[in-house]
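So the structure is just underneath, and the comments pick up after that.
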There are 2 protein chains.
Amino acid sequence: MTYRFTSSLPYLLNRVGVRMGELFSQRLAEHDLTLPMYRVMAVLRQEGPQRLSDLSAMVTVEISTLSRLVTAMKRKGLVSRVRPEDNGRTVRIDLTKTGEKLVDNLMPVAAHFEEVGIRSFSEDEVARLKNALKQIHENLEEIGGSD
Amino acid sequence: MTYRFTSSLPYLLNRVGVRMGELFSQRLAEHDLTLPMYRVMAVLRQEGPQRLSDLSAMVTVEISTLSRLVTAMKRKGLVSRVRPEDNGRTVRIDLTKTGEKLVDNLMPVAAHFEEVGIRSFSEDEVARLKNALKQIHENLEEIGGSD
DNA sequence: TTACAATAATTGCATTTGCAAATGTTGTCT
DNA sequence: AGACAACATTTGCAAATGCAATTATTGTAA
C-alpha cells in the first residue's frame, strides 16, 4: 500500500481546519475580531480565568504571540489582565462583560458552521469522530518531540 | 445539550493539526525546510507539475504566500518555475531531482508520525475517520462564504 | 539571608503572512 | 485589429508569528 500525501491525516486535517477557519473568520471580521481572539475568549468563557501559559496550552498558540494578542484584546476591552498579589510572576486573564457578551453571540455562529460540516453525519458518527481526534492528540502527546 | 468549545470540531481539528505539524517541523528543520515547503513538494511529487493557483488550492495556502514560498524553494534548488510558451500568464512549478529525493526521504517520516497518532485504531476506524474528514470538507465547500 | 536555579511573562528582531494594488497575458466582442 | 474584461501571478506594505534574549518573581539550598 503506497503512501498518498493527499490521503494522509495531516493533509486532511489541515485542509478542513483551514477551511473552517476561513469561513468563520469572515464573520469574525465583522466584529473586528480574529480567529485566535475568538479562541481565547471561548476558552475563557468555558474554563474561567486563566494564566497566560495555561491559556497558551489550551488554544495551541505560542506564548509570546499570546502575550501580544492579550494586549490587543485588553485594548479592545475584551479581557482583563491582572497580576495576582499572591503570585506576582503569573498573570490572570479574564473576560470582561463586553467580551462575555460578544463570545456568547459568536458561539452559535461557530456552532452553525460546525453543523454545516457534519450535516451528513449521524450523531454516533460525530461522536466517534471527535473521540478519534481526542485519542490521536493523546497518542501524539506521548512523544515529547524526541521520537 | 450545551455547546462546549473544547469539544467543538474546529478546536479539536486545530489542536491535532498544530501538534502534528510541530512534531514534523522539528524534523524538517534538520533539512532547513518548513512545513509549507514540504507540503508543496509532497503535492508535486504525487500530482506532478502544477500551476501556482492549482498548487495553492491543493496545499491550502494563500497564493501570494505561495508565490514567495516558491521563490525561496527555487533558490534552494528544490523546484523549478517555468512560464510555458503556450500560455504566458501561468507558471509551471515542478520538482527538481534534488527536491524529489528529499521528499522521498521525508514522506516515510511523515508516515511514521501519522502511524503514532493512529496507533490505537483499527484500519477500519482510520478509513472512516479519513472519509469523514473528506466529507466534511465537501460539505463546507458547498457554502461559498456567504451562508 | 544571600546566592542561584526555576518559573512566568514580555520584548527585540527577523521572518512569514495576507490583503489589496499592480503587472502582464489571454480571451472576447464589435 | 482595437478596446476591454477576465485570468494568473507578483509585489508593496502592514500586521502576525516564532525564536531567543530579557526582565521579574518565586523557590531552594547553603
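In what follows, chains are A, B, ... by sequence order, proteins preceding strands, each numbered from 1. The basis for the numbers below is simple: all heavy atoms, side chains too, and nothing from hydrogens, waters or symmetry mates.
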Under a 4.0 Å N-O cut-off, is there an ion pair linking A/Lys101 with A/Asp104? no
Report the distance from atom CD of A/Gln50 to atom P of C/dA8, rounded to the nearest whole Å. 14 Å
Mark yes when over 12 heavy atoms from residues, nucleotides or ligands other than A/Glu123 sit less than 6.0 Å from its CD; otherwise mark no. no
Using only atom types and a distance under 3.5 Å, with no angle test, would you say the side chain of B/Asn14 pairs donor to acceptor with the backbone of B/Pro10? no
Separation of atom CG in A/Asp54 from atom C1' in C/dT7, rounded to whole Å: 12 Å
Pairing of B/Glu125 and A/Arg128 as salt bridge, 4.0 angstrom limit: no
Take the protein atom CG of B/Asn87 and the nucleotide atom C1' of C/dG24, then report the distance between them rounded to whole Å. 12 Å
Is the backbone of A/Gly21 close enough, under 3.5 Å, to the side chain of A/Ser25 for a donor and an acceptor to pair up by distance? yes
Of B/Leu66 and A/Val61, whose nearest nucleotide on DNA chain D comes first from the 5' end? B/Leu66
Give me the first and last nucleotide of DNA chain D, going 5' to 3', that has any atom under 4.0 Å from a heavy atom of chain A. D/dT17 to D/dG27
Has the side chain of A/Lys130 got a donor or acceptor atom that lies under 3.5 Å from a matching backbone atom of B/Ser7? yes
B/Lys97 vs B/Glu100, salt bridge (charged side-chain N to carboxylate O under 4.0 Å, His left out): CA-CA, chis, key distance, verdict: CA-CA 5 Å; B/Lys97 270 276 166 252; B/Glu100 196 172 295; 3.4 Å; yes
Check B/Leu44, B/Leu69, B/Asp94 against B/Val79 for a side chain to side chain contact (heavy atoms under 4.5 Å, CB included) and give me the one that passes. B/Leu44
Give every pair of a protein N or O atom and an N or O atom of nucleotides 11-13 of chain C that lie under 3.5 Å apart, one pair per line with the distance.
unit_1	atom_1	unit_2	atom_2	d
C/dG12	O6	A/Arg68	NH2	2.7

On DNA chain D, more 5' by nearest nucleotide between A/Glu62 and A/Pro84 is A/Glu62
Contact class for A/Arg92 (heavy atom, under 4.0 Å): base, sugar-phosphate, or nothing? nothing
